[in-house]
Amino acid sequence: MVQQTFPVDTRKPRVIITHLDGNLNVQPWENQAILVDAAGEVEILRQEGEVVIIAHCHGDLTLWVPAITMTIFPITTSIAATDVSGHATLEKTRNVSLRNVGGQVVLRDIRGNVDVEEVQESTDATSIGGNLTALHVPHLSAQNIGGNAQLTALGAVEIQKLGGNLDAALIESHLHCRTVGGNCNIHDCANADVNIRTVGGNLRCDDGTLSGLLSSVGGNLHLVAMFQPSSQSDLHVGGNAHVTLPPQANLTLHATVGGNASGPDGTYTRGGGFVNLVYGEGMAHLNTIVGGNLSLAGCQPRR
(Lines give C-alpha, C1' and ligand atoms only; values in the text may rest on other atoms or scores of the structure.)
Protein backbone atom coordinates (compact mmCIF):
# COMPACT_ATOMS: atom_id res chain seq x y z
CA MET A 1 0.00 0.00 0.00
CA VAL A 2 1.27 3.47 -0.97
CA GLN A 3 -0.11 6.77 0.31
CA GLN A 4 1.43 10.14 -0.50
CA THR A 5 0.29 13.77 -0.56
CA PHE A 6 1.47 16.37 -3.07
CA PRO A 7 0.99 20.12 -2.45
CA VAL A 8 -0.91 22.21 -5.01
CA ASP A 9 0.06 25.84 -5.60
CA THR A 10 -1.68 26.32 -8.97
CA ARG A 11 -5.30 26.78 -10.03
CA LYS A 12 -5.12 23.99 -12.64
CA PRO A 13 -3.30 20.95 -11.29
CA ARG A 14 -3.13 17.79 -13.38
CA VAL A 15 -2.70 14.09 -12.79
CA ILE A 16 -1.36 11.77 -15.52
CA ILE A 17 -1.85 8.03 -15.00
CA THR A 18 -0.49 5.23 -17.22
CA HIS A 19 -0.79 1.47 -16.79
CA LEU A 20 -3.13 0.96 -13.85
CA ASP A 21 -3.83 -2.66 -12.98
CA GLY A 22 -7.04 -2.09 -11.03
CA ASN A 23 -9.87 0.40 -10.57
CA LEU A 24 -9.52 4.19 -10.65
CA ASN A 25 -11.53 6.32 -8.21
CA VAL A 26 -11.13 10.11 -8.25
CA GLN A 27 -12.94 12.09 -5.54
CA PRO A 28 -13.04 15.83 -4.76
CA TRP A 29 -12.00 17.61 -1.61
CA GLU A 30 -11.35 21.23 -0.62
CA ASN A 31 -7.70 20.87 0.32
CA GLN A 32 -4.95 22.36 -1.86
CA ALA A 33 -3.23 19.02 -2.19
CA ILE A 34 -3.48 15.78 -4.16
CA LEU A 35 -3.67 12.63 -2.06
CA VAL A 36 -2.62 9.40 -3.79
CA ASP A 37 -3.86 6.20 -2.13
CA ALA A 38 -2.73 3.06 -3.95
CA ALA A 39 -3.64 -0.45 -2.81
CA GLY A 40 -0.49 -1.98 -4.29
CA GLU A 41 2.95 -1.13 -5.54
CA VAL A 42 3.51 1.99 -7.67
CA GLU A 43 6.63 2.00 -9.81
CA ILE A 44 6.56 5.72 -10.70
CA LEU A 45 5.08 8.37 -8.42
CA ARG A 46 6.37 11.92 -8.62
CA GLN A 47 5.40 15.58 -9.06
CA GLU A 48 6.70 17.79 -11.86
CA GLY A 49 5.46 21.35 -11.43
CA GLU A 50 1.66 21.32 -11.57
CA VAL A 51 1.56 17.67 -12.74
CA VAL A 52 1.49 14.51 -10.59
CA ILE A 53 2.68 11.47 -12.59
CA ILE A 54 1.61 7.93 -11.69
CA ALA A 55 2.74 4.93 -13.75
CA HIS A 56 2.60 1.15 -13.44
CA CYS A 57 0.30 0.99 -10.44
CA HIS A 58 -0.54 -2.54 -9.29
CA GLY A 59 -3.92 -2.54 -7.56
CA ASP A 60 -6.79 -0.08 -7.12
CA LEU A 61 -5.97 3.63 -7.10
CA THR A 62 -7.90 6.35 -5.24
CA LEU A 63 -7.14 10.04 -5.70
CA TRP A 64 -8.39 12.96 -3.62
CA VAL A 65 -8.00 16.06 -5.77
CA PRO A 66 -8.71 19.79 -5.21
CA ALA A 67 -12.20 20.91 -6.22
CA ILE A 68 -12.48 24.39 -4.69
CA THR A 69 -15.12 26.19 -6.75
CA MET A 70 -16.89 28.58 -4.36
CA THR A 71 -14.17 31.20 -4.62
CA ILE A 72 -13.16 34.00 -6.99
CA PHE A 73 -10.30 31.87 -8.29
CA PRO A 74 -11.53 28.26 -8.36
CA ILE A 75 -9.15 25.30 -8.29
CA THR A 76 -10.08 22.18 -10.25
CA THR A 77 -7.99 19.21 -11.32
CA SER A 78 -7.62 17.58 -14.75
CA ILE A 79 -7.17 13.81 -15.04
CA ALA A 80 -5.63 11.88 -17.94
CA ALA A 81 -5.51 8.08 -17.64
CA THR A 82 -4.35 5.47 -20.16
CA ASP A 83 -4.50 1.67 -19.87
CA VAL A 84 -6.79 1.16 -16.87
CA SER A 85 -7.69 -2.51 -16.47
CA GLY A 86 -10.73 -1.97 -14.20
CA HIS A 87 -13.49 0.61 -13.74
CA ALA A 88 -13.01 4.39 -13.65
CA THR A 89 -15.13 6.71 -11.50
CA LEU A 90 -14.44 10.45 -11.48
CA GLU A 91 -16.31 13.28 -9.78
CA LYS A 92 -15.94 17.09 -9.83
CA THR A 93 -12.78 17.31 -11.90
CA ARG A 94 -11.97 19.74 -14.72
CA ASN A 95 -10.92 18.02 -17.97
CA VAL A 96 -11.00 14.23 -18.26
CA SER A 97 -9.19 12.05 -20.80
CA LEU A 98 -9.59 8.27 -20.54
CA ARG A 99 -8.15 5.78 -23.02
CA ASN A 100 -8.24 2.00 -23.02
CA VAL A 101 -10.41 1.31 -19.96
CA GLY A 102 -11.25 -2.33 -19.26
CA GLY A 103 -14.37 -1.68 -17.18
CA GLN A 104 -17.16 0.85 -16.76
CA VAL A 105 -16.66 4.63 -16.77
CA VAL A 106 -18.77 6.86 -14.49
CA LEU A 107 -18.39 10.65 -14.66
CA ARG A 108 -20.18 13.17 -12.42
CA ASP A 109 -20.06 17.00 -12.36
CA ILE A 110 -17.14 17.48 -14.73
CA ARG A 111 -16.46 21.19 -15.25
CA GLY A 112 -14.42 20.94 -18.47
CA ASN A 113 -14.16 18.63 -21.49
CA VAL A 114 -14.43 14.84 -21.52
CA ASP A 115 -12.61 12.53 -23.95
CA VAL A 116 -13.22 8.77 -23.67
CA GLU A 117 -11.76 6.21 -26.07
CA GLU A 118 -11.65 2.42 -26.19
CA VAL A 119 -13.88 1.71 -23.19
CA GLN A 120 -14.85 -1.95 -22.86
CA GLU A 121 -18.03 -1.41 -20.82
CA SER A 122 -20.61 1.38 -20.57
CA THR A 123 -19.93 5.08 -20.01
CA ASP A 124 -22.30 7.09 -17.80
CA ALA A 125 -21.78 10.88 -17.86
CA THR A 126 -23.82 13.38 -15.86
CA SER A 127 -23.37 17.16 -15.87
CA ILE A 128 -20.46 17.84 -18.22
CA GLY A 129 -19.64 21.54 -18.54
CA GLY A 130 -17.63 21.36 -21.76
CA ASN A 131 -17.46 19.12 -24.82
CA LEU A 132 -17.84 15.35 -24.94
CA THR A 133 -15.85 13.17 -27.35
CA ALA A 134 -16.40 9.40 -27.40
CA LEU A 135 -14.78 6.78 -29.63
CA HIS A 136 -15.28 2.99 -29.52
CA VAL A 137 -17.65 2.79 -26.53
CA PRO A 138 -20.32 0.05 -26.38
CA HIS A 139 -22.93 2.16 -24.58
CA LEU A 140 -23.06 5.86 -23.70
CA SER A 141 -25.64 7.45 -21.40
CA ALA A 142 -25.25 11.21 -20.93
CA GLN A 143 -27.19 14.00 -19.27
CA ASN A 144 -26.72 17.77 -19.26
CA ILE A 145 -23.77 18.23 -21.61
CA GLY A 146 -22.97 21.94 -21.87
CA GLY A 147 -20.87 21.91 -25.06
CA ASN A 148 -20.66 19.82 -28.23
CA ALA A 149 -20.69 16.04 -28.56
CA GLN A 150 -18.67 14.12 -31.14
CA LEU A 151 -19.52 10.40 -31.12
CA THR A 152 -17.86 7.81 -33.35
CA ALA A 153 -18.20 4.01 -33.45
CA LEU A 154 -20.51 3.58 -30.46
CA GLY A 155 -22.90 0.71 -29.87
CA ALA A 156 -25.83 2.63 -28.35
CA VAL A 157 -26.34 6.25 -27.27
CA GLU A 158 -28.84 8.00 -25.01
CA ILE A 159 -28.46 11.73 -24.39
CA GLN A 160 -30.95 13.81 -22.42
CA LYS A 161 -29.73 17.35 -23.01
CA LEU A 162 -26.89 18.71 -25.15
CA GLY A 163 -26.22 22.44 -25.22
CA GLY A 164 -24.11 22.54 -28.40
CA ASN A 165 -23.79 20.56 -31.64
CA LEU A 166 -24.10 16.80 -32.05
CA ASP A 167 -21.98 14.92 -34.59
CA ALA A 168 -22.57 11.16 -34.63
CA ALA A 169 -21.15 8.51 -36.96
CA LEU A 170 -21.04 4.71 -37.06
CA ILE A 171 -23.64 4.18 -34.32
CA GLU A 172 -24.63 0.51 -34.35
CA SER A 173 -27.82 -0.04 -32.32
CA HIS A 174 -29.63 3.20 -31.50
CA LEU A 175 -29.16 6.94 -31.11
CA HIS A 176 -31.74 8.61 -28.90
CA CYS A 177 -31.39 12.26 -27.93
CA ARG A 178 -34.01 14.46 -26.32
CA THR A 179 -32.54 17.94 -26.86
CA VAL A 180 -29.74 19.32 -29.06
CA GLY A 181 -29.20 23.04 -28.63
CA GLY A 182 -27.18 23.54 -31.83
CA ASN A 183 -26.91 21.62 -35.09
CA CYS A 184 -27.22 17.85 -35.40
CA ASN A 185 -25.27 15.83 -37.99
CA ILE A 186 -25.79 12.05 -38.25
CA HIS A 187 -24.02 9.94 -40.87
CA ASP A 188 -23.02 6.32 -41.55
CA CYS A 189 -25.65 4.97 -39.14
CA ALA A 190 -27.61 2.78 -41.56
CA ASN A 191 -28.51 0.09 -39.00
CA ALA A 192 -29.19 2.40 -36.06
CA ASP A 193 -32.60 3.38 -34.73
CA VAL A 194 -32.46 7.20 -34.73
CA ASN A 195 -34.74 9.36 -32.59
CA ILE A 196 -33.87 13.04 -32.02
CA ARG A 197 -36.61 15.01 -30.25
CA THR A 198 -35.60 18.69 -30.41
CA VAL A 199 -32.89 20.40 -32.46
CA GLY A 200 -32.30 24.12 -32.08
CA GLY A 201 -30.37 24.47 -35.36
CA ASN A 202 -30.19 22.30 -38.47
CA LEU A 203 -30.69 18.54 -38.55
CA ARG A 204 -28.87 16.46 -41.13
CA CYS A 205 -29.27 12.69 -41.13
CA ASP A 206 -27.53 11.07 -44.10
CA ASP A 207 -28.17 7.47 -43.13
CA GLY A 208 -30.42 5.96 -40.47
CA THR A 209 -33.56 4.02 -39.65
CA LEU A 210 -36.47 5.88 -38.07
CA SER A 211 -38.71 3.68 -35.93
CA GLY A 212 -40.83 6.59 -34.77
CA LEU A 213 -39.59 10.16 -34.68
CA LEU A 214 -41.10 13.11 -32.87
CA SER A 215 -38.83 15.99 -33.69
CA SER A 216 -38.83 19.78 -33.75
CA VAL A 217 -36.09 21.31 -35.90
CA GLY A 218 -35.51 25.03 -35.58
CA GLY A 219 -33.49 25.35 -38.81
CA ASN A 220 -33.30 23.26 -41.96
CA LEU A 221 -33.75 19.50 -42.32
CA HIS A 222 -31.77 17.20 -44.62
CA LEU A 223 -33.00 13.63 -44.16
CA VAL A 224 -31.96 10.40 -45.88
CA ALA A 225 -33.54 7.54 -43.97
CA MET A 226 -35.52 4.33 -43.86
CA PHE A 227 -38.90 4.30 -42.09
CA GLN A 228 -39.77 1.09 -40.30
CA PRO A 229 -43.21 -0.32 -41.22
CA SER A 230 -46.05 0.76 -38.90
CA SER A 231 -43.88 3.56 -37.45
CA GLN A 232 -45.34 7.01 -36.77
CA SER A 233 -43.04 10.00 -37.24
CA ASP A 234 -43.86 13.68 -36.71
CA LEU A 235 -41.56 16.48 -37.85
CA HIS A 236 -41.88 20.22 -37.34
CA VAL A 237 -39.27 22.07 -39.39
CA GLY A 238 -38.82 25.83 -39.08
CA GLY A 239 -36.82 26.20 -42.31
CA ASN A 240 -36.56 24.12 -45.47
CA ALA A 241 -36.78 20.33 -45.58
CA HIS A 242 -35.12 17.99 -48.07
CA VAL A 243 -36.18 14.34 -47.66
CA THR A 244 -34.68 11.48 -49.69
CA LEU A 245 -36.57 8.19 -49.57
CA PRO A 246 -35.16 4.72 -50.39
CA PRO A 247 -36.08 3.05 -53.71
CA GLN A 248 -38.57 0.71 -52.02
CA ALA A 249 -40.18 3.20 -49.65
CA ASN A 250 -43.28 2.03 -47.77
CA LEU A 251 -44.65 5.31 -46.47
CA THR A 252 -47.65 7.60 -46.23
CA LEU A 253 -46.63 11.28 -46.17
CA HIS A 254 -48.81 14.13 -44.93
CA ALA A 255 -47.20 17.57 -45.16
CA THR A 256 -48.21 21.15 -44.44
CA VAL A 257 -45.83 23.44 -46.30
CA GLY A 258 -45.31 27.19 -45.96
CA GLY A 259 -43.36 27.47 -49.22
CA ASN A 260 -43.16 25.24 -52.28
CA ALA A 261 -43.36 21.44 -52.29
CA SER A 262 -41.76 19.43 -55.08
CA GLY A 263 -40.68 15.89 -55.88
CA PRO A 264 -38.97 13.87 -58.61
CA ASP A 265 -42.19 13.81 -60.65
CA GLY A 266 -42.95 17.52 -60.45
CA THR A 267 -44.26 20.31 -58.23
CA TYR A 268 -47.03 19.48 -55.76
CA THR A 269 -47.85 22.95 -54.47
CA ARG A 270 -46.58 26.53 -54.70
CA GLY A 271 -46.77 29.21 -52.03
CA GLY A 272 -47.99 26.92 -49.27
CA GLY A 273 -50.52 24.16 -48.96
CA PHE A 274 -51.06 20.50 -48.15
CA VAL A 275 -49.34 17.47 -49.64
CA ASN A 276 -50.55 13.87 -49.25
CA LEU A 277 -48.50 11.11 -50.89
CA VAL A 278 -48.32 7.32 -50.64
CA TYR A 279 -45.20 5.28 -51.38
CA GLY A 280 -45.52 1.51 -51.77
CA GLU A 281 -48.17 0.18 -49.41
CA GLY A 282 -47.93 3.28 -47.20
CA MET A 283 -47.44 1.33 -43.96
CA ALA A 284 -45.16 3.85 -42.20
CA HIS A 285 -46.51 7.36 -41.55
CA LEU A 286 -44.68 10.67 -41.70
CA ASN A 287 -46.53 13.84 -40.69
CA THR A 288 -44.56 17.02 -41.19
CA ILE A 289 -45.01 20.77 -40.94
CA VAL A 290 -42.42 22.72 -42.93
CA GLY A 291 -42.11 26.47 -42.57
CA GLY A 292 -40.12 26.84 -45.81
CA ASN A 293 -39.85 24.63 -48.88
CA LEU A 294 -40.23 20.84 -49.00
CA SER A 295 -38.15 18.90 -51.50
CA LEU A 296 -38.68 15.16 -51.92
CA ALA A 297 -36.20 12.89 -53.71
CA GLY A 298 -35.67 9.18 -54.36
CA CYS A 299 -38.69 6.95 -54.73
CA GLN A 300 -41.68 8.27 -56.64
CA PRO A 301 -45.09 8.19 -54.95
CA ARG A 302 -47.80 5.77 -56.00
CA ARG A 303 -50.41 8.49 -55.62
Side-chain angles (χ1 to χ4, degrees), residues 1-29 31-67 75-126 128-140 142 147 149-155:
M1 180 175 179
V2 177
Q3 190 174 82
Q4 188 169 344
T5 301
F6 297 93
V8 170
D9 56 5
T10 176
R11 290 176 52 209
K12 298 179 180 180
R14 293 182 293 148
V15 180
I16 298 177
I17 303 162
T18 56
H19 302 292
L20 169 60
D21 185 15
N23 300 318
L24 173 63
N25 184 18
V26 180
Q27 295 296 320
W29 67 354
N31 297 331
Q32 284 192 231
I34 295 173
L35 172 61
V36 178
D37 190 351
E41 180 184 356
V42 181
E43 296 183 21
I44 298 174
L45 179 58
R46 66 176 185 269
Q47 184 175 24
E48 295 181 0
E50 64 178 13
V51 182
V52 172
I53 299 173
I54 305 170
H56 300 285
C57 181
H58 305 282
D60 294 343
L61 176 64
T62 299
L63 303 177
W64 293 90
V65 300
I75 301 175
T76 49
T77 308
S78 293
I79 306 293
T82 304
D83 297 330
V84 178
S85 68
H87 305 303
T89 302
L90 296 89
E91 184 176 349
K92 292 186 178 179
T93 63
R94 190 168 78 253
N95 298 322
V96 173
S97 176
L98 300 174
R99 285 176 170 81
N100 193 18
V101 179
Q104 182 184 22
V105 171
V106 177
L107 305 171
R108 297 284 184 270
D109 297 326
I110 308 301
R111 294 177 65 88
N113 301 322
V114 169
D115 185 355
V116 292
E117 181 178 340
E118 300 291 348
V119 176
Q120 299 305 311
E121 297 185 15
S122 63
T123 295
D124 187 348
T126 301
I128 308 299
N131 302 322
L132 170 64
T133 303
L135 172 65
H136 294 299
V137 177
H139 182 267
L140 170 68
Q150 184 170 353
L151 314 176
T152 308
L154 274 63

CG of Leu151 to CG of Leu140, rounded to nearest 0.5 Å, is 6.0 Å
Could you tell me if the side chain of Leu98 sits less than 4.5 Å from the side chain of Asp115, heavy atoms only? no
Does a donor on one side chain sit under 3.5 Å from an acceptor on the other, for Asn25 and Thr89? no
Electrostatic pair Glu118:Arg99 at N-O distance under 4.0 angstrom: no
Between Arg14 and Glu50, does any NZ, NE, NH1 or NH2 come within less than 4.0 Å of an OD or OE carboxylate oxygen? yes
Can you measure from OG1 (Thr82) to CD1 (Ile16) and round to the nearest 0.5 angstrom? 9.0 Å
Under a 3.5 Å distance rule, please check whether Arg94 uses its side chain to pair with a backbone N or O of Thr76 as donor and acceptor. yes
Between His58 and Glu43: side-chain donor-acceptor atoms closer than 3.5 Å: yes
In Å and rounded to the nearest 0.5 Å, what is the CG to OG1 distance from Leu35 to Thr5? 4.5 Å
Hey, can you tell me if His19 and His56 have their rings parallel, tilted or perpendicular (30° and 60° cut-offs)? parallel
OG1/Thr93 to CG/Leu107 distance, rounded to the nearest 0.5 angstrom? 7.5 Å
Leu61 side, atom CG; Ile17 side, atom CD1 - distance, nearest 0.5 Å: 5.0 Å
Donor-acceptor contact below 3.5 Å, side chain Asp37 vs main chain Thr62: no
